[in-house]
Amino acid sequence: MTSAVLTAGAEDIPGLTTTTEAVLFWVFGTVAVIGALGVISARKAVYSAMFLALTMIVLAVIYITQGALFLGVVQVVVYTGAVMMLFLFVLMLIGVDSAESLVETIRGQRVAAIVAGVGLGIVLIAGIGNVSAGGFTGLAQANAGGNVEGLAALIFVRYLWAFELTSALLITAALGAMVLAHRERFERRKSQRELAEERFRPGGYPTTLPNPGVFARNNAVDIAARLPDGSPSPLSVSPTLRQRTVPDDGFAKYTGGDA
């Protein structure tokens, strides 16, 4: 189904949408609202990020059904792909504990969030009311010179400052994540030569340590890897774990170590 079929008749009568377009909007719009509510109601930050990804994908589908193919692809590639991966990377990098999320680190941030939310709702209602009362530009008129050219004129001419401020906000968020994840180094960083020499000193290990469970019957982290001669390698198991071995009978047995 092409965009021409989805918008058939809407170009002839300004301000009127087709039945197919209206049905698609209400279906995907409902899913987008449900995803947005999940973002603010989910108890875990990862779940909120996944709900946000769902909302962004649904918005991309709405853009494509409206004939804005370039904007829909950018929505998926940039926001759903890059920005969402950045959110998840920050969550995994610095960690978000549920107990910490209940503590208000900035005084008055909840009140400010409520005021900002109400203000955004008023702006959206005013914008929708303005379009409903005065009509909107038809798809053919908006894409007269091409969808990419029309979008570029809006971003780099009419809404240039808003676009640049949004870019600055994203860069600031990325810098803030790096500052929060930065750790002070208390010792001098060893060079590659020094690290190589330490490997060949007595007690060192010249090659890369095997992962736990390599060439064993189980890939658990408390089962030692097998060396080429078949013997277990105790270096492959963390000293904080209680090491197990898998004898020929197939039953794992503990062989000492710390619990």
Side-chain angles (χ1 to χ4, degrees), residues 28-29 31-64 68 70-127 148 151-192 195 238:
F28 289 113
V31 177
V33 172
I34 294 175
L37 294 176
V39 173
I40 61 177
S41 61
R43 293 183 177 274
K44 294 185 178 181
V46 177
Y47 293 163
S48 296
M50 298 307 297
F51 276 117
L52 184 58
L54 173 63
T55 304
M56 290 182 177
I57 293 175
V58 172
L59 291 178
V61 175
I62 294 177
Y63 292 152
I64 293 176
F70 179 78
L71 190 58
V73 173
V74 170
Q75 178 75 16
V76 174
V77 174
V78 177
Y79 289 97
T80 309
V83 176
M84 283 308 306
M85 289 303 102
L86 178 61
F87 288 165
L88 294 177
F89 174 74
V90 171
L91 292 177
M92 292 184 293
L93 187 64
I94 64 177
V96 177
D97 191 4
S98 59
E100 296 177 355
S101 61
L102 299 177
V103 179
E104 187 173 353
T105 56
I106 302 177
R107 187 181 301 275
Q109 63 178 356
R110 296 185 181 181
V111 177
I114 295 175
V115 173
V118 173
L120 179 60
I122 295 175
V123 172
L124 292 177
I125 294 175
V148 178
L151 185 62
L154 293 176
I155 293 178
F156 298 106
V157 178
R158 185 173 181 179
Y159 300 108
L160 176 61
W161 285 109
F163 181 75
E164 293 297 333
L165 290 176
T166 304
S167 303
L169 179 62
L170 294 176
I171 295 175
T172 304
L175 292 177
M178 290 188 291
V179 170
L180 292 175
H182 176 70
R183 295 182 180 179
E184 294 292 340
R185 184 180 296 275
F186 298 99
E187 299 178 357
R188 184 182 64 85
R189 185 173 183 178
K190 297 180 181 180
S191 63
Q192 190 70 22
L195 293 176
S238 174

Go through the structure and list residues passing side-chain contact (heavy atoms from CB on, under 4.5 Å) with [X], not counting sequence neighbours.
X	answer
Leu52	Val39, Met56, Met84, Phe87
Ala42	Tyr47, Ser48, Phe51
Val74	Phe70, Val78
Leu154	Arg158, Tyr159

Handout entry: Minimum heavy-atom distance Phe28-Val58, with the two atoms named
Key = O-CG1, 2.9 Å
Handout entry: Where Ile62 and Gly29 come nearest, the two heavy atoms and their spacing
Key =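 Heavy atoms of Ile62 and Gly29 come nearest at CD1-N, 4.1 Å.
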Handout entry: Test salt bridge (charged side-chain N to carboxylate O under 4.0 Å, His left out) applied to Arg188 - qualifying residues, sequence neighbours left out
Key = Glu194
Distance-only check: which donor-acceptor pairs under 3.5 Å involve side-chain atoms of residues 165-177, not counting sequence neighbours?
residue : atom : partner : partner atom : Å
Thr166  : OG1  : Ala162  : O            : 2.8
Ser167  : OG   : Phe163  : O            : 3.0
Thr172  : OG1  : Ala168  : O            : 2.7

Problem - Nearest-0.5 Å distance that lies between atom CG in Leu195 and atom CZ in Arg189 - result: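 Between atom CG of Leu195 and atom CZ of Arg189 there are 9.0 Å.
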